[in-house]
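This report concerns only the one structure given below.
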Amino acid sequence: MPVKQLWIKREEQNPTGSFKARGFSVAISLLYKRGFRKVAVPSNGNAASALAAYAGRAGMHAYVFVPKDCPGIIIEECLQYGAEVYRVEGLIHDAGQIIEDGKMEQQWFNVGTLREPGRVEGKKTMGLELAEQLNWTLPDVIIYPTGGGSGIIGLWKAFHELKALGWVKGDLPRLVSFQEKGCDPIVQAIERGGPVISLSNGISSMPTGLRVPHPPDGNLIVSILRETNGAAVAVSQADIKAAQVTLGTEGISSSPEGSATWAALLHLCDQGGIAPNESVVLFNTSHGIKYLPWNPTETIKTIRSYTEFMNR
């Protein structure tokens, strides 16, 4: 089923190849102003390289903790930006626990998702920019990849502020979160009609930014989707890979997260979730090259705990 208008917001053109650059540009600036010089982040990948880049520019010492299957090119990026990089035996929340366990002794600031206001304020610029680019007329539907969820929160915040200023009118866009089957706590909460229940086992999704079994503020994301009469969609790995090929033929290098917006659009159109007279924006959040096979130029230690970090 065709739609009235379709745009792709190309966040892969940001300085570090993903939308994460927006959040860390603001977060690092605010932390630097407040005197912090050591920062740490748990990440599935793109947040790590963005933190490393902006911390490097600010002369701050960056520590990044990523799952051991984090794409090698992203690890190489972090090394090139001067960060200390550690692979973690586990998932992103395990990496986050190491940072929390060490933050007092190490005196580093945890810049993880929703740990401080800067990252959401930076991601809010996606919504401000989108409104400006569309001549202050918001689309009917926005389809956005959701892991930790600060992107959805930033868009929602931007649109509310624009409405308060009187710069845009009418209803907010219907915000649609999509996740990969195998790690979809937001989708499950929407389908169940209840709160988000963190996933503790059975995680089988790809090592991308979508793989967040414990969203830091999942219930806020769910409330935003419900407020905007939005939805949450889970798509398969096969659909994501097919979507990457489709977008590639349009000259767009899309990450698995970004290409899945196309897969989610097709699903919604098939199910009648989007009408032919509606305008839709897809967010390609990251560059596809970041996920090519790559071996980092340095051997990266894999740790299980803060104790192992100390004994490195």
Side-chain angles (χ1 to χ4, degrees), residues 1-12 18-19 22 46 123-124 126-127 129-131 133-134 137-159 171-181 183-191 205-206 208-210 212 215 218 221-237 239-248 250 252-286 288:
M1 177 189 299
V3 297
K4 179 181 177 182
Q5 291 174 305
L6 177 65
W7 297 278
I8 297 179
K9 191 81 170 74
R10 299 190 59 182
E11 292 295 302
E12 86 278 8
S18 85
F19 78 115
R22 294 180 183 266
N46 286 317
K123 291 175 184 178
K124 183 179 75 178
M126 293 188 296
E129 189 175 282
L130 180 63
Q133 290 172 329
L134 297 181
T137 300
L138 298 179
D140 297 305
V141 182
I142 291 176
I143 302 179
Y144 197 91
T146 305
S150 58
I152 281 282
I153 296 169
L155 289 170
W156 169 77
K157 189 172 190 292
F159 298 149
D171 296 333
L172 296 186
R174 299 204 315 278
L175 295 175
V176 177
S177 287
F178 74 84
Q179 302 187 293
E180 184 186 341
K181 292 179 180 178
C183 187
D184 53 359
I186 302 299
V187 176
Q188 291 185 31
I190 290 292
E191 290 178 347
S205 59
M206 293 185 288
T208 72
L210 296 174
V212 182
I221 299 166
V222 168
S223 72
I224 289 171
L225 300 181
R226 290 172 176 155
E227 175 193 328
T228 64
N229 294 312
V233 177
V235 295
S236 70
Q237 186 175 138
D239 288 340
I240 290 172
K241 291 181 176 180
Q244 277 187 294
V245 173
T246 299
L247 292 182
E250 297 295 328
I252 299 172
S253 176
S254 61
S255 63
E257 304 97 323
S259 63
T261 57
W262 177 258
L265 172 67
L266 296 180
H267 172 84
L268 288 167
C269 287
D270 287 344
Q271 300 299 316
I274 295 178
N277 64 338
E278 291 189 302
S279 57
V280 181
V281 173
L282 313 180
F283 271 80
N284 180 35
T285 51
S286 176

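Heads up: numbering here begins at 1 and tracks the sequence. Here the structure is a predicted model, which means the values were calculated and not measured.
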Task: Least distance between heavy atoms, Asn284 atom then Ser253 atom - done: ND2-O, 3.2 Å
Task: Interatomic distance, Lys123 atom NZ to Ile153 atom CD1 [nearest 0.5 angstrom] - done: 9.0 Å
Task: Thr146 versus Gln179, closest heavy-atom pair with distance - done: O-NE2, 3.2 Å
Open item on the list: How long is the straight-line distance from OG of Ser254 back to CD1 of Ile8, given to the nearest 0.5 Å?
Closed with: 8.0 Å
- [ ] Specify the closest pair of heavy atoms between Ile186 and Ser177, including all atoms of both residues, with the distance to one decimal.
- [x] CG2-CB, 4.5 Å
Task: Straight-line distance of Glu11 CD to Arg22 CZ, nearest 0.5 Å - done: 4.0 Å
- [ ] Could you tell me the separation between the CD atom of Glu278 and the SG atom of Cys269, rounded to the nearest 0.5 Å?
- [x] 9.0 Å
TODO: Kindly write out the residues that satisfy side-chain contact (heavy atoms from CB on, under 4.5 Å) with Gln237, not counting sequence neighbours, or none if the list is empty.
DONE: Glu180, Met206, Lys241
Open item on the list: Pair Val187, Lys181 - check side-chain contact (heavy atoms from CB on, under 4.5 Å), show working.
Closed with: CA-CA 9 Å; Val187 176; Lys181 292 179 180 178; over 6 Å; no
Open item on the list: Please give me the minimum heavy-atom distance between Val212 and Gly148, naming the atom from each residue.
Closed with: CG2-N, 3.6 Å
Open item on the list: I need the minimum non-hydrogen distance between Ala264 and Phe178, along with the two atoms involved.
Closed with: CB-CB, 4.0 Å
TODO: Compare every heavy atom of Leu175 with every heavy atom of Thr228, then report the nearest pair and how far apart it is.
DONE: OG1-N, 3.3 Å
Task: Worked verdict on Phe283 versus Leu155 for side-chain contact (heavy atoms from CB on, under 4.5 Å) - done: CA-CA 11 Å; Phe283 271 80; Leu155 289 170; 4.0 Å; yes
TODO: Please round to the nearest 0.5 Å and tell me the distance separating atom CH2 of Trp262 and atom CD1 of Ile252.
DONE: 9.5 Å
- [ ] Give every residue pair that meets the salt bridge (charged side-chain N to carboxylate O under 4.0 Å, His left out) criterion with at least one member in residues 223-234, sequence neighbours excluded.
- [x] none
Open item on the list: Working note: Phe19 + Asn46, criterion side-chain contact (heavy atoms from CB on, under 4.5 Å); need CA distance, chi angles, decisive distance, verdict.
Closed with: CA-CA 8 Å; Phe19 78 115; Asn46 286 317; 5.8 Å; no
- [ ] Mind checking the OG1-CG spacing from Thr137 to Leu130? Nearest 0.5 Å is all I need.
- [x] 10.5 Å
